[in-house]
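Below, all heavy atoms of this structure are taken into account, side chains as well, without hydrogens, waters or symmetry copies.
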Amino acid sequence: MQPELLEIEPRKIIGKCLTTTLSFDDTAALWKDFMSRHKEVKNRIDSGFYSMQVYPFGMNFERFDRETEFERWAAVEVTSFDLVPEGMQTKTIAGGLYAVFTHVGPVKKFVETSNYIFDTWLPQSDYKLDDRAHFERLGAKYYGPEHPESEEEIWVPISAKS
């Protein structure tokens, strides 16, 4: 599984955000809440969704554990922040270089893809993690979290090793 390396401009998103940990995984509740209201966002760029994780700045991922707090987002990309529905938040995804992988299969197999990215591909590559948000883009081939043929793009922020 080789990623596509993409340099992107900043992207604006509107959605719902919460601070969480892996030990208290409330992702399903976050998405249920957002999906009940996502049509209120009027200036969407396309029909895709963003699942984003924002880790504390300068975090050492070797110390990341089930109790480490981070932001989790359920969102859509927008043209501007002019029309933000009440109770939703805004965030700009920093531009830069990303390694983009495609995960195929149900969410329960996501850990296998993630382990490959962070334990195999990244250490063997010419890149290191960059201090920006990580996100998944759920597009037209995303059929739901349990579907065996569901596809999602995994965007990992990277920079060249020095």
Report the C-alpha separation of E152 and V104 in whole Å, then their side-chain angles, then the decisive distance to 0.1 Å, and conclude whether the side-chain contact (heavy atoms from CB on, under 4.5 Å) test is met. CA-CA 7 Å; E152 59 187 279; V104 179; over 6 Å; no

Determine, stepwise, if the pair R11 / T92 fulfils side-chain hydrogen bond (donor to acceptor under 3.5 Å, both in side chains). CA-CA 6 Å; R11 297 180 180 187; T92 299; over 6 Å; no

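At least one side-chain heavy atom of V107 sits less than 4.5 Å from a side-chain heavy atom of E146. Between V156 and Y98 the shortest side-chain heavy-atom distance does not fall below 4.5 Å. Within the 4.5 Å cutoff, the side chain of D26 has heavy atoms near those of the T20 side chain. The closest side-chain heavy-atom distance from L5 to Y127 is below 4.5 Å. In this structure, P148 and K109 have side chains that are not in contact, with every pair of non-hydrogen atoms separated by 4.5 Å or more. Side-chain contact between V100 and P3 is absent, with no heavy atoms from C-beta onward closer than 4.5 Å. Counting only heavy atoms from C-beta outward, the side chains of E136 and Y50 never approach each other to under 4.5 Å. In this structure the side chain of R37 reaches within 4.5 angstrom of the side chain of P85, judged on heavy atoms.
Counting non-hydrogen atoms of neighbouring residues, nucleotides and ligands closer than 6.0 angstrom, the NZ atom of K161 exceeds 12 such neighbours. The local environment of CD in E7 is crowded, with over 12 non-hydrogen atoms from other residues, nucleotides or ligands closer than 6.0 Å.
Shown are M88, Q89, K91; of these, the side-chain contact (heavy atoms from CB on, under 4.5 Å) with I13 is made only by K91.
The hydrophobic cluster containing I45 does not contain I8, counting ILVMFWY residues as joined when their side-chain heavy atoms lie under 4.5 angstrom apart, directly or transitively. Cluster annotation: F110 is connected to M1 through the hydrophobic network of ILVMFWY side chains, with a link wherever side-chain heavy atoms come within less than 4.5 Å. I93 and I154 fall into different hydrophobic clusters, defined by Ile, Leu, Val, Met, Phe, Trp and Tyr side-chain heavy atoms under 4.5 Å apart, directly or through other members. Under the 4.5 Å side-chain heavy-atom criterion for ILVMFWY residues, no single connected hydrophobic cluster contains both F81 and W73. Hydrophobic clustering keeps W155 apart from Y142 (ILVMFWY residues linked when any side-chain heavy atoms are closer than 4.5 Å, directly or through intermediates).
Closest heavy-atom contact between R132 and L97: NH2-O, 2.7 Å. Contact between G15 and F34 at its shortest, heavy atoms only, is CA-CE1, 3.6 Å. Contact record, I158 with L122: CG2-CD1, 4.3 Å, taken as the closest heavy-atom pair. S162 and K128 make their closest contact through OG-NZ, 3.7 Å (heavy atoms, listed as atom of the first residue, atom of the second, distance).
Within the 6.0 Å centre-distance limit, the rings of F101 and W121 are counted as a close aromatic pair. A distance below 6.0 Å separates the ring centres of H38 and F49.
Distance check: E151 CD to K141 NZ gives 5.0 Å after rounding to the nearest 0.5 Å. Note that CD of E86 and CD of E40 are 9.0 Å apart. Values are rounded to the nearest 0.5 Å. Interatomic distance, NZ of K32 versus CG of L30, reported as 12.5 Å (0.5 Å rounding). Here the straight-line distance linking atom NE2 of H134 with atom OG of S51 works out to 12.5 Å at 0.5 Å rounding.
The aromatic rings of F70 and Y55 sit tilted, their planes meeting at an angle between 30° and 60°.
Remark: the backbone N or O of G144 is paired with a side-chain donor or acceptor of S150 at under 3.5 angstrom. N43 places a side-chain N or O within donor-acceptor distance of the main-chain N or O of S80, the cut-off being under 3.5 Å.
In this structure, D82 does not pair ionically with K42, as no charged nitrogen and carboxylate oxygen lie closer than 4.0 Å.
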